[in-house]
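First comes the structure, then the notes that go with it.
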Amino acid sequence: MKRTYAIDAIATIGEEITASGWVQSRRDHGGLIFIDLRDHTGILQLVITPEIAEAFRLAETLRDEFVISADGLVRSRAEGLVNDKIPTGGVEVVVSTLTILNRAEALPIQPFSDAQAGEELRLKYRYLDLRRPKMQKLLRARAEMFSQIRTFMENNEFIEVTTPILANSSPEGARDFLIPARLQPGKFYALPQAPQQFKQLLMVGGVPRYYQLAACFRDEDPRADRLYGEFYQLDAEISFIDDGEDVRRTFDPLIKQLATDFASKSLLSEDIPRISYVEAMERFGTDKPDLRFSMELVDLTDVFANTEFGVFKNADCVKAIRVAGGASLSRKQIDNFTEIAKNEGAGGLAYITYEAGVEKSPIAKFLSETELAGLRDKLQVTDGDAVFFGADRRMIVNKVLGRLRNEFATHFKLKDPNIIALCWIVDFPFYEWDETRRRVDFGHNPFSMPKGGLGSLDVATDEEKLAIVADQYDMVMNGYEICSGGVRNHNPEVLYKVFGLLGYDKDYVEAKFGAMLNAFKYGAPPHAGCAFGVDRMFMELMGESNIREVIAFPKNGSGVDLMMNSPSAVEPEQLKELGL
RNA sequence: GCGCUCGUAGUGAAGUUGGCCUAUCACGCCUCCCUGUCACGGAGGAGAUCGCCGGUUCGAAUCCGGUCGAGCGCGCCA
């Protein structure tokens with residue numbers, strides 16, 4: 001007897017096989033029973049006739065999702081009995097022995113219905129949800145992507161090193177998950193937000209090229225593109241390089257391969273553009289631009305330098321985006337976009353629509369003919385377009401128009417799901433202005449190298465500090481940040497200095513990063529690296545817009561695993577043992 | 001923490017300008033019939049305190065207030 005998956009039955013006509021799986025459906029004709037047997041390869045029709053009395057008796061009791069095994073002869077179906085809708089529709093198995101391996105109660109959700117259950121129930125009964133062909137496909141695709149990544153890394157001489165899950169709390173960054181240390185009462189481990197320090201220590205330890213498909217843990221509120229609690233990174237680091245471009249060039253082929261060979265998408269361009277942070281903010285209003293559509297921000301501050309229109313006159317900066325076909329937007333739709341603009345900090349949303357060569361707008365009458373002409377010229381306006389303005393402080397204008405650019409692209413369906421547009425955003429500012437605390441703070445990773453090294457840090461004013469550029473870079477895929485990396489700071493003097501500029505003294509730095517500073521005293525090579533958020537990248541490559549959809553057992557928005565009921569209370573004895 | 005949207009049989013939806021709702025439909029579930037179906041078909045049946053609490057009203061699934069839960073966004077995420 002030969003064990004067979006559903007799809008393999010096609011190749012075994014005339015043979016006796018054993019097929020196992022779930023009952024997808026039972027069609028009981030009284031004197032003849034058909035069973036659709038389902039496994040991960042598809043559906044196989046079983047035929048049970050009353051001549052085989054024992055099998056027939058069992059078949060009459062079958063219900064959806066019973067787990068069964070059937071022995072029988074594979075035969076071609078007669079003319080007219082072929083089912084063209086499934087690959088195995090030309091064959092069927094005449095059952096000689098039927099075994100019920102397990103029974104199933106009536107299901108709380110119907111995984112195979114067109115009307116899919118709500119997410120809450122799908123997560124609670126994830127093991128049923130995972131039986132759907134789509135989820136089976138996603139599980140296998142993720143394994144395939146991981147396999148291609150590992151092959152690529154190994155071909156490029158990276159070695160995988162696993163780093164501790166029980167690690168230290170990191171002072172910067174996200175909220176930590178803390179683990180009480182039983183053997184060290186009063187002290188705590190933390191789950192790593194990323195293996196950042198360990199991978200740098202591997203460089204000091206003489207590992208030239210490290211990678212890891214690393215679990216990372218952050219206790220921050222989730223989003224549609226951000227899982228709660230835990231996620232995976234392709235974490236990598238290379239020693240003896242001091243230029244981020246070397247890292248970027250290393251990974252360009254991998255990401256292109258995943259987009260084309262793995263996900264069967266088209267690249268917007270073979271060459272992956274490098275765009276500076278400042279340029280990205282000016283052109284797209286964001287540091288993670290979706291390049292599948294243009295609709296760039298155009299600076300009109302010059303055009304309106306001498307304007308009489310109050311809103312523009314009083315603004316530091318006036319910019320606009322041209323929305324092709326925007327003149328067709330209804331009043332109500334424009335109100336919706338205005339609401340979005342206001343949520344991003346805009347006072348309102350000025351706009352002009354162009355129809356039959358005439359401006360139609362609540363604000364056109366405040367603008368001179370020269371201004372209107374300059375505007376048309378700079379934005380290359382044609383009939384049917386609409387132009388939307390931002391006028392405020394430069395930072396707010398960029399943020400508002402950047403968000404609107406994205407919303408308009410969604411509204412006008414400019415985000416082609418078959419195209420992958422990649423870019424690297426480079427030269428992030430080392431420091432950022434923290435508006436709430438009214439002070440300069442780290443913009444990103446304090447471990448990255450300021451461009452220009454120690455010399456660049458010889459500054460005093462906040463303005464000068466904010467102008468320092470870090471050798472730090474992100475890769476962006478269709479508007480999602482999928483990678484972040486940098487040339488690391490392997491020089492203790494520079495590390496003291498970058499913290500010093502924020503008012504932290506040597507003792508603070510040593511207390512927080514003692515292990516790494518110590519290591520750097522004994523011969524640390526220059527090194528650089530990056531980390532890809534593989535779950536988010538996988539989501540976009542699969543054309544999904546919710547990251548939980550592509551993960552086997554995700555937690556919900558409140559950090560709860562609805563299936564396992566975690567987190568949960570623990571026994572008082574357990575707490576006592578931990579001294580809590 | 002804040003904003004927006006949502007919450008109706010096991011599941012997915014309709015009803016939400018108060019009364020015609022004794023709440024509709026599909027799928028699922030239960031009983032019976034049926035030898036070529038494949039979303040099998042046919043006959044019958046059970047199943048909902050309309051998330052929860054309170055209020056307005058002669059009357060609330062529907063209006064109001066509160067509360068709980070979910071999704072999305074903001075804050076947050078070096």
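Interface remark: the A:Arg77 side chain does form a donor-acceptor pair with the B:U37 base, using a distance-only criterion of under 3.5 Å. Checked by distance alone, A:Asp221 brings a side-chain donor or acceptor within 3.5 Å of a matching partner on the base of B:G75. Checked by distance alone, A:Gln110 brings a side-chain donor or acceptor within 3.5 Å of a matching partner on the base of B:G10.
Residue A:Asp28 contributes atom CG, which lies 14 Å from atom P of B:C38 at whole-angstrom precision. For the pair A:Glu65 CD and B:G28 C1', the interatomic distance rounds to 12 Å; values are reported in whole Å. Atom P of nucleotide B:U11 and atom CD of A:Glu120 are separated by 11 Å, given to the nearest angstrom.
A salt bridge between A:Arg403 and A:Glu344 is present, with a side-chain N of the basic residue lying under 4.0 Å from a carboxylate O of the acidic one.
In this structure, A:Leu107 and A:Glu92 both approach RNA chain B, and ranking their closest nucleotides by distance from the 5' end singles out A:Leu107.
A cation-pi arrangement, defined by a distance under 6.0 Å to the six-membered ring centre and an angle within 45 degrees of its axis, is absent between A:Arg536 and A:Phe231.
Centre separation under 5.5 Å together with a plane angle under 30° does not hold for the ring of A:His29 and the six-membered base ring of B:C34, so they are not marked as stacked.
When each of B:U11, B:U37, B:C72 is scored by its nearest atom to the side-chain atoms of A:Asn546, the top-ranked nucleotide is B:C72. Which of B:C29, B:C76, B:U37 sits closest to the side chain of A:Glu220 comes down to B:C76.
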